[in-house]
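Sequence lines set the chain letters: A, B, ... in the order given, protein chains first and strands last, and positions in each chain run from 1. The analysis underlying the following values was restricted to heavy atoms, covering all of them including side chains, and did not include hydrogens, waters or symmetry mates.
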Amino acid sequence: MADPVAAIELKGISKAFGPVQANKDISIRVMPGTIHGIIGENGAGKSTLMSILYGFYKADEGEIFINGKRTEIPDSQAAIGAGIGMVFQHFKLVENFTVLENIVLGAEDSAMLRPSLARARRELKALADEYELSVDPDAVIQEIGVGMQQRVEILKALYRGCDILILDEPTGVLTPAEADQLFRILNRLKDEGKTIILITHKLREIMDITERVSVMRRGEMVATVSTAETSPPELAELMVGRKVLLRVEKKPAKLGDKTLEVRGLRVVDDQGVERLRGIDFDIRAGEILGLAGVAGNGQSELLEVLGGYRIATGEVLLNGKPIDLTGSRSDGQSRRARGIAHVPEDRQAEGLIMDYTAWENTAFGYHHDHKYQANALFMKNAAIRADCEAKMKKFDVRPPDPMLLAKNFSGGNQQKIVVAREIERDPDLLLVGQPTRGVDIGAIEFIHQQIVALRDRGKAILLVSVELDEIMSLSDRIAVMFDGKIMGERKPGETDARELGLLMAGITDTTLPHSAAEVEAQLAERHGAAGKEV
Amino acid sequence: MDLLTLLQVLDATVRLATPLLLACLAGLFSERAGIFDIGLEGKMLGGAFLSAAIAAVTGSVWLGLGAGIVAALLLSAIHGLASITFRGNQLISGVAINFFAQGLTVVIAQSWFGQGGRTPQLGDGSRFAGLTLPGAEALRDVPILGPIYYELISGHTILVYIAFLIVPLTWWVLYRTRYGLRLRAVGENPAAVDTAGVSVRGLRYSAIVICGVLTGIAGAQLATAEPAAGFIKDMTAGRGYIALAALIFAKWRPWYALFACLLFGFLQALELRPDLIQAVIGLRVQGQLLSALPYIMTVVILAGFVGKAIPPRAGGEPYVKER
């Protein structure tokens, strides 16, 4: 059989940043008209490889072939010229421009704007008809939802005539319904003959949509297999290099008394927008309550209120005694003194001070403690360092060096430092926000085990995550937030991703079958309303 | 107050607003591209000095204008190198340029001309004279319109007319051309421009060049256009900062910039006519207070009393490629 020409072929690509070898002798062939997945842990080198393909970095070694022809890609202009389009994880859109202006930017026909805009408007309509990708060309980017913004990014690539579309972690910001819709669009593009590269760390997406999948680990391409001939456990093992438990093993919960009671909690932000609109829930000792929802529906505000750094109205009881929500006892330190520990959503901004050492970071929040404080003036630095070393050992932080700056650890190890600091206080209530965001699979497994162990010691845990899989596998009870309210509670065993997805989109009547179009209409309405509020 | 007096005040307003307007538009190009420019003051000063010096030496005001632009461009280039190529702090670079220009102009002027840090007096021919527009003399006696045309519109130097023409031109470039779209985009989200295959660095340097040319003209207007007759120490007197305040007041939009600069020009014009104030409000106002008015207004604007002004989102941040 003659070897068909690959749409993209990389041969022996290597790239180093200083002493770090981000890509090591990578070769890959992507066949035209297919969806090819690239999977790997954070820091495995996926994004670096794609950045080389899009002209952001120059490879130290190696060759790129596009449709069999050797191609140099020194900058993004060259990549676009070679027919490559890229949808980045963080969209590259000008927020206060219209959809049309964003699409035309950099691909104008002439020095005058009007003819370009007019042509783009016509082309956009043609593209919308061809790929079912309709958008309002005159909508301003900051007033449309993320799903729509992503659509604009895809249209941008298509407008530039791309044949090869690369998507970097495209579903991170989408609801399950929006993600399904994206996958329908991608399948459609494939049917029209486009080649698609999907970069993700979600095994399920790889299994659902790709034909072939390449696995990267520590800068190397460890395998390329046909998706039909592999399985999630096998892919996980390839990614991590050892066997991984994908499901969290946990015993049935032994529920105690109510640790946390939240009644009628309301938050109004600086712009006067109500972010929490009357929240009620309880968490019992020995229970994990998972809070699901698309980012930006009030989960962050709830964590901030309970963590003590946002003012709210309503009532919160911890072990039956009220917590000060507005007064002088409403701060992180008072909360910690009451036995509330907090693993914040954004570990780099709120959980750690990146320019401080690991040992200093292990004391933060508890630095007034007698364990760390010798007297009014001096800290017990040696004791803190020893304590840090012990925690690093127990939580398998790598490298186990207390003197290293926080920013020099990988995402997973940074998170382990935060989790170790908070869990080792043996709190009555643990608040955890996005515990595994940007954390590799091996570390995810470990962090999940630690959270479950804390629960088994009879503590209450509030878990906030946008990862539905994480919520479903860890929680004893699931509450879904939408637009500052709790839409409903479910038991993990008695619900599924579809039902939770509908709740996350604000649809409470989950008994009726909903068509994709109905969900889309509801989402459009929700984004429209959100746009007006801002 | 009769029509003629009013027209005289407005005439002074237009003249005094011109350097502000040029500097303000210069800042507009720079900041719309994401480069904050606190160094407008220094560039104007550099432009004022070199334009007057070359005009004095060669006797040609046009050569002077060219030299003024070159001086401002050189200072712009320093700002560009510091903030674009070397990704330095734009505020610090701007402040440095201001100090640099303030000191250097006086030092060079002193060693060159030996007149205590000023340039020689510019006579007619080596400075820009007022232009009498066609028909101004003939229409002078037509009631109302005649004096308006003769006193207010006619009689300014060419630089004044250029400055006012640059306002619609700026609007047109910004909103009707490919360059304008890219310029606005690079100040909002340089990553979007970069991934679209357009050079962020090229765009930002081009904005810096425009900024240099305009501040150079602004400096030349200060030092070589009637009734001024040469460079004196610190002659910009904070106009660069006032132009920045006007830019914020105008929310980085060209037509609003025109009105903001006219307002500041009017306040400066009032300073010249304390007698008028006394006649209108019946109170003698201290001259110092009048002189302080534009600066007080600047503080009020910068303190945010005029509503929320949202600067270009990527302003002040050097662009670093990232995934």
Tell me whether [X] at atom [atom1] has more than 12 heavy atoms from other residues, nucleotides or ligands lying less than 6.0 Å away.
{"X": "A/E72", "atom1": "CD", "answer": "no"}
{"X": "B/F99", "atom1": "CZ", "answer": "no"}
{"X": "B/F100", "atom1": "CZ", "answer": "no"}
{"X": "A/R218", "atom1": "CZ", "answer": "no"}
{"X": "B/Y256", "atom1": "OH", "answer": "no"}

>> Does any backbone or side-chain atom of B/R184 lie under 4.5 Å from a heavy atom of chain A? Answer side chain, backbone, both or neither.
In response: both

> chain A: which of B/A191, B/A314, B/S199 shares the most heavy-atom pairs with it under 4.5 Å?
Replying inline: B/A191

From [X] [atom1] over to [Y] [atom2], what is the distance, rounded to the nearest 0.5 angstrom?
{"X": "B/Y175", "Y": "A/E101", "atom1": "OH", "atom2": "CD", "result": "10.0 Å"}
{"X": "A/L93", "Y": "B/E188", "atom1": "CG", "atom2": "CD", "result": "12.5 Å"}
{"X": "B/R178", "Y": "A/D109", "atom1": "CZ", "atom2": "CG", "result": "9.0 Å"}

> Is it the side chain or the backbone of A/L105 that comes within 4.5 Å of chain B heavy atoms, both, or neither?
Replying inline: both

>> I'd like to verify something: which residue of A/A79, A/S116, A/S110 has the highest number of heavy-atom pairs under 4.5 Å with chain B?
In response: A/S110

>> Does B/R176 form a side-chain contact (heavy atoms from CB on, under 4.5 Å) with A/M112? I'd like the steps, not just the answer.
In response: CA-CA 6 Å; B/R176 286 289 179 266; A/M112 292 305 117; 5.7 Å; no

> Which heavy atom of B/A196 sits nearest a heavy atom of A/R160, and at what distance?
Replying inline: CB-NH2, 3.8 Å

> Are B/T195 and A/Y54 side-chain neighbours, meaning at least one heavy-atom pair lies under 4.5 Å?
Replying inline: yes

> Do A/L113 and B/T177 have side chains that get closer than 4.5 Å, going by heavy atoms?
Replying inline: no

>> Side chains of A/E95 and B/N189 only: does a donor on one sit below 3.5 Å from an acceptor on the other?
In response: no

